[in-house]
Number of protein chains: 2
Amino acid sequence: MAKVDTSLVAHLPLFAGVKPEELDEILREARSARYPKNTAIFEQGADAQSFFLLLHGHVRAAKTTPTGEQIVVRYVAPGETFGLAMAIGSAHYPATAMAVDDSVVLIWPTSAWPRLIERFPALAANTMQTVGKRLQESHTRILEMSTQQVEQRVAHALLRLANQSGKKLDRGIEIDFPISRQDIAQMTGTTLHTVSRILSGWESQGLVESGRQRIILREPHRIVVLAERNPDSGAA
Amino acid sequence: MAKVDTSLVAHLPLFAGVKPEELDEILREARSARYPKNTAIFEQGADAQSFFLLLHGHVRAAKTTPTGEQIVVRYVAPGETFGLAMAIGSAHYPATAMAVDDSVVLIWPTSAWPRLIERFPALAANTMQTVGKRLQESHTRILEMSTQQVEQRVAHALLRLANQSGKKLDRGIEIDFPISRQDIAQMTGTTLHTVSRILSGWESQGLVESGRQRIILREPHRIVVLAERNPDSGAA
DNA sequence: CGGACAGTTTGCGATAGCGCAAACCAGGCT
DNA sequence: AGCCTGGTTTGCGCTATCGCAAACTGTCCG
């Protein structure tokens, strides 16, 4: 089994309130694995045999409709868990997880979960927090989709990504993994065409700098303004 | 304190795996209260001092934007919990809860939660399930808002309500609490005007029968078809 | 070094749904 | 019984956004 240094993960929210020696015991139940860029980690609908903790890289969780359309549920950043189907009482993964960058994960068998939470109740509590937070974020997203127009939603989405996985550059904040217009469209409930138009517009105003699967926010402040502006407060 | 008959609540998902005598102990920590139609149970942003179990009636949970627009997060049916802010680690209610009908609830002080789950781990597990299920429903809703048009979304919303709180009539299924076009609009991310038009249309096709805050699905089957139909499968 | 491809940009017409405004209506209250 | 109020219906013009199609471009690969 791969040996994982406890000190690397001890500070993660998942392990809050867990003693070092306990942590060791928890980690012994896990194995680690590497997923190259653009490989699937699990597929929507598959048996939930494992749950995961992302150590390095980035993972996209996406849900597909019967008719084939996709939405991005979220991007998983290092230190976050994913594939928690079993914790919420589902035997199957409700979404597909895909490494968008070379990624390293810890993997526990689903079967270990009951034992783990019995022995380490903090794990259950922490997971509850996490799931609750995600629920709130979902509601916020629904609120946005209901009340804001596309440009504002895209602004919000980018700011969130920058916040979660932004790399500070001197010319701005770069989103630290490959992300296409299509991806952003699937996060905001629009089309890649519309996203492209919006980003083009922003680029010509110097708000962002962007290229192939790459986005740098040059003026986060002014983007915040866009995100919050009332639909009818006209700009020159 | 109001005495609540354990047999009335023993079968609820929240108490799955809890022994009768334990249940008694849990209920002793609760008080019950009655909220008349159209009274607020708690307000978004308020301190989360209690959590609730709905016994009778119906409660609407709604979230308001800074600019005053609202969305309906969900309708709470009897037997369901709400106001679980504390379980997910939030000190404030993320939404407003309002009785849409005369309602009776059990109320536990937030402060009792840690003790309860320590003594009755099943409670924590059950709550986890519930929250997880709601998360999934949120994702489904996001998916729908991203990929379907308004008419389909309204169809889905009504079918869900009928399913959750439908009263079987010989002429169809009636949604068992007062609900306005505005409410439906806030569930589906559209305007009351559009909902009104859609329902008018359906009414003239004999799909529904509706009036003031009242909706009866006369042809659930045909509404299912609407909900699932592909955007471009033209009807005559 | 030259494809070939995946991602991106852009134009143009079509339209679903919005926003506003006005009229209508059912039921509760006095 | 009649009035008031909150909910509902409907018409009409407008526009944000989609959908399709075509051209463009940075990258990777052989």
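Convention: sequence-line order gives letters A, B, ...; per-chain numbering from 1.
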Rounded to whole Å, please give me the gap between [atom1] in [X] and [atom2] in [N].
{"X": "A:K37", "N": "C:dA6", "atom1": "NZ", "atom2": "P", "value": "14 Å"}
{"X": "B:Q149", "N": "C:dC18", "atom1": "CD", "atom2": "P", "value": "11 Å"}
{"X": "A:I184", "N": "D:dT17", "atom1": "CD1", "atom2": "P", "value": "16 Å"}
{"X": "A:E209", "N": "C:dT8", "atom1": "CD", "atom2": "P", "value": "15 Å"}
{"X": "B:I198", "N": "C:dA16", "atom1": "CD1", "atom2": "P", "value": "12 Å"}

Inset, instruction - Please work out which of the three classes, parallel, tilted or perpendicular, describes the rings of A:H58 and A:F177, given edges at 30° and 60°. - result: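 Ring orientation of A:F177 relative to A:H58: tilted.
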Inset, instruction - Identify, with sequence neighbours excluded, every residue that meets side-chain contact (heavy atoms from CB on, under 4.5 Å) alongside B:A40. - result: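 Residues passing side-chain contact (heavy atoms from CB on, under 4.5 Å) with B:A40: B:E43.
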Legend entry - Listed partners of B:L169 passing side-chain contact (heavy atoms from CB on, under 4.5 Å), at least two apart: B:K167, B:R171, B:E174, B:I216
Test item: side-chain donor near acceptor, [X] and [Y], under 3.5 Å:
{"X": "A:T65", "Y": "A:T67", "result": "yes"}
{"X": "B:T130", "Y": "B:T127", "result": "no"}
{"X": "B:E219", "Y": "B:W202", "result": "no"}
{"X": "B:H92", "Y": "B:Q44", "result": "no"}
{"X": "B:T147", "Y": "A:E69", "result": "no"}
{"X": "A:H156", "Y": "A:E228", "result": "no"}

Legend entry - Five-pair end axes of the helix from C:dC1-D:dG30 to C:dT30-D:dA1 and the angle they enclose, rounded to 10°: 40°
Legend entry - Annotated protein contacts, base or backbone, on nucleotides 4-14 of chain D with a non-hydrogen cut-off under 4.0 Å, one of B, S, - each: --BSBBBBB--
Inset, instruction - Name all pairs fulfilling the salt bridge (Lys or Arg N to Asp or Glu O under 4.0 Å) condition that reach into residues 153-166 of chain A, sequence neighbours left out, sorted by first residue then second. - result: A:E144-A:R160
Between protein and nucleic acid, restricted to nucleotides 1-4 of chain C and to nitrogen or oxygen atoms under 3.5 Å apart, what atom pairs and distances do you find?
none

Legend entry - Pair B:F51 + B:F82: ring centers closer than 6.0 Å: no
